[in-house]
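Notes to accompany the following structure.
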Amino acid sequence: MMLDELRALLAQVPAAASRTDYVTAIVERNQLGKPTRRTRELTARHLAALYGLDPANPLFRALRRLWPHDERAQPLLALVVALARDPLLRMTWPLVQDRPVGARLPREVVERHLAHDDPERFSAASLTSFAQNTLGTWTAAGFLNGRVRKIRSAPVVQPENVALCLFLGYLEGRSGQRLFTSSWMQLLGLPLDALEALAGVAAERGWLVLRQAGDVKEVRFPDMLTIDEERRRQAVVHVL
């Protein structure tokens with residue numbers, strides 16, 4: 001997940017920066033303190049793959065908007081964006097979700113899971129590396145704890161996290177109450193009343209518009225998408 005690097009980068013690069021500005025900050029100005037140009041280039045590539053680093057990307061724009069308000073929300077914000085963009089990390093999501101708090105998740109279980117559908121896809125060394133990296137990501141996000149023995153835990157969930165998960169459901173074409181039952185909201189592991197309360201706080205802070213009359217909900221993100229992006233989203237809604 002490269003959480004430390006992401007935190008350092010977003011702290012040093014202005015919110016209005018372009019993708020080129022982010023790459024320049026990492027590679028040319030070495031603002032992340034990497035020892036060689038090669039490691040700087042790899043860092044830029046990995047961060048761009050995980051998070052976009054491009055204001056033209058609505059998910060990255062949402063991340064930047066929500067990022068600075070509460071440091072406690074940042075690990076889960078980063079995880080959600082990484083999950084949306086990294087298929088290998090997404091493959092391990094069911095393993096983590098299905099385990100109750102307090103249950104162990106051994107590295108070998110992750111390796112077998114990654115190799116299940118295509119045993120020849122990865123070498124043994126790659127499987128070990130991928131499993132360790134994904135377990136490290138889930139640990140950094142608060143879903144696991146422990147250095148070697150990984151134990152399922154409950155992440156810290158803040159209004160920023162609920163806002164971002166609602167936004168992802170919105171991008172998928174969901175609306176109303178269906179936004180609160182998306183897989184992104186299920187990731188947070190909270191009951192509906194807690195999610196609704198946090199969504200209310202997010203609305204009070206101006207990150208979304210939430211209106212409710214009885215069981216009918218309206219959720220909008222008027223400042224998150226451009227006019228063209230909203231039109232494309234509406235096209236997805238009509239197809240669905």
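Judged purely by atom type and a 3.5 angstrom limit, Ser182 has no side-chain atom pairing as donor or acceptor with the backbone of Arg178. Remark: side-chain polar atoms of Arg104 are not paired, donor with acceptor, to backbone N or O of Arg149 under 3.5 angstrom. Arg64 places a side-chain N or O within 3.5 Å of a backbone atom of Pro14 that can act as its donor or acceptor partner. A donor-acceptor pair is defined here as one N or O able to donate and one able to accept, closer than 3.5 Å; such a pair exists between the side chain of Thr137 and the backbone of Asn133. Side-chain atoms of Gln186 come within 3.5 Å of backbone atoms of Thr181 as a donor-acceptor pair (strictly under, hydrogens ignored). Using modelled atom types, one side-chain atom of Arg7 and one backbone atom of Glu71 make a donor-acceptor pair closer than 3.5 Å. Counting only distance, with no hydrogens or angles, the side chain of Arg99 and the backbone of Arg152 share no donor-acceptor pair below 3.5 Å. Counting only distance, with no hydrogens or angles, the side chain of Arg19 and the backbone of Gly52 share a donor-acceptor pair below 3.5 Å. Judged purely by atom type and a 3.5 angstrom limit, Arg61 uses its side chain to pair as donor or acceptor with the backbone of Met224.
Between Leu166 and Trp184, the closest side-chain pair of non-hydrogen atoms is not below 4.5 Å. Counting only heavy atoms from C-beta outward, the side chains of Glu160 and Gln74 never approach each other to under 4.5 Å. A 4.5 Å side-chain heavy-atom check between Val156 and Leu76 finds every atom pair outside the cut-off. Side-chain contact between Asn161 and Leu77: present, with at least one pair of heavy atoms (C-beta onward) separated by less than 4.5 Å. In this structure the side chain of Trp93 reaches within 4.5 angstrom of the side chain of Leu187, judged on heavy atoms. The side-chain heavy atoms of Asn57 and Arg85, taken from C-beta on, include a pair separated by under 4.5 Å. For the pair Arg90 and Pro87, the minimum side-chain heavy-atom distance is below 4.5 Å. Here the side chains of Leu53 and Val23 are not in contact, with every heavy-atom distance at 4.5 Å or above.
Taking the six-membered ring where the residue is Trp, Trp138 and Phe143 present perpendicular rings, their angle passing 60° and hence far from 30°.
Taken together through direct or relayed side-chain contacts under 4.5 Å among Ile, Leu, Val, Met, Phe, Trp and Tyr, Leu3 and Leu42 form parts of separate hydrophobic clusters. A continuous path of ILVMFWY side-chain contacts below 4.5 Å connects Val96 to Val109, so both sit in one hydrophobic cluster. In the hydrophobic clustering of ILVMFWY residues, with side-chain heavy atoms under 4.5 Å counting as a link, Val201 and Leu188 come out apart. At a threshold of 4.5 Å between side-chain heavy atoms, the hydrophobic network of Ile, Leu, Val, Met, Phe, Trp and Tyr places Leu88 and Leu59 in one connected group. A single hydrophobic cluster is seen to contain both Leu198 and Leu192, as judged by linkage of ILVMFWY side chains at heavy-atom distances under 4.5 Å, directly or through other members.
Aromatic ring centroids of Trp207 and Trp67 lie 6.0 Å or more apart.
Asp86 approaches Leu50 most closely through the heavy-atom pair OD2-CD2, 3.9 Å. Closest approach of Ala8 and Leu32 over heavy atoms only: CB-CD2, 3.6 Å. Counting all heavy atoms, side chain and backbone alike, Pro58 lies closest to Leu225 at CB-CD2, 3.7 Å. The two atoms that bring Met185 and Cys165 nearest to each other are SD-CB, 3.6 Å, heavy atoms only. Closest approach of Tyr22 and Leu10 over heavy atoms only: CE2-CD2, 4.1 Å. Smallest separation of non-hydrogen atoms from Ala78 and Leu63: N-CD1, 4.4 Å.
Rounding to the nearest 0.5 Å gives a distance of 10.5 Å between CZ of Arg232 and CG of Leu171. Annotation: the span from Leu164 atom CG to Arg65 atom CZ amounts to 12.0 Å, rounded to 0.5 Å. For the atom pair Glu196 CD and Phe180 CZ, the distance stands at 5.5 Å (nearest 0.5 Å). Taking NE2 of His69 as the reference point, atom CD of Gln158 lies at 12.5 Å (rounded to 0.5 Å). Rounded to the nearest 0.5 Å, atoms CG (Leu179) and CD (Glu172) are 9.5 Å apart. For the atom pair Asp117 CG and Met91 CE, the distance stands at 6.0 Å (nearest 0.5 Å).
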Task: Criterion side chain to side chain contact (heavy atoms under 4.5 Å, CB included) on Tyr51 and His46, from CA distance to verdict - done: CA-CA 9 Å; Tyr51 304 109; His46 292 325; over 6 Å; no
- [ ] Please step through side chain to side chain contact (heavy atoms under 4.5 Å, CB included) for the pair Lys150 and Arg107, ending with a clear verdict.
- [x] CA-CA 8 Å; Lys150 298 297 185 180; Arg107 190 199 73 226; over 6 Å; no
Task: Residue pair Met2, Thr43: steps toward the side chain to side chain contact (heavy atoms under 4.5 Å, CB included) verdict - done: CA-CA 9 Å; Met2 303 180 73; Thr43 297; 3.8 Å; yes
- [ ] Would you sort out whether Glu230 and Phe221 count as a side chain to side chain contact (heavy atoms under 4.5 Å, CB included), showing the intermediate values?
- [x] CA-CA 10 Å; Glu230 181 60 38; Phe221 297 87; over 6 Å; no
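Between the side chains of Asp21 and Ser18, at least one donor N or O sits under 3.5 Å from an acceptor N or O.
The pair Glu41-Arg37 meets the salt-bridge criterion, since a charged nitrogen lies less than 4.0 angstrom from a carboxylate oxygen.
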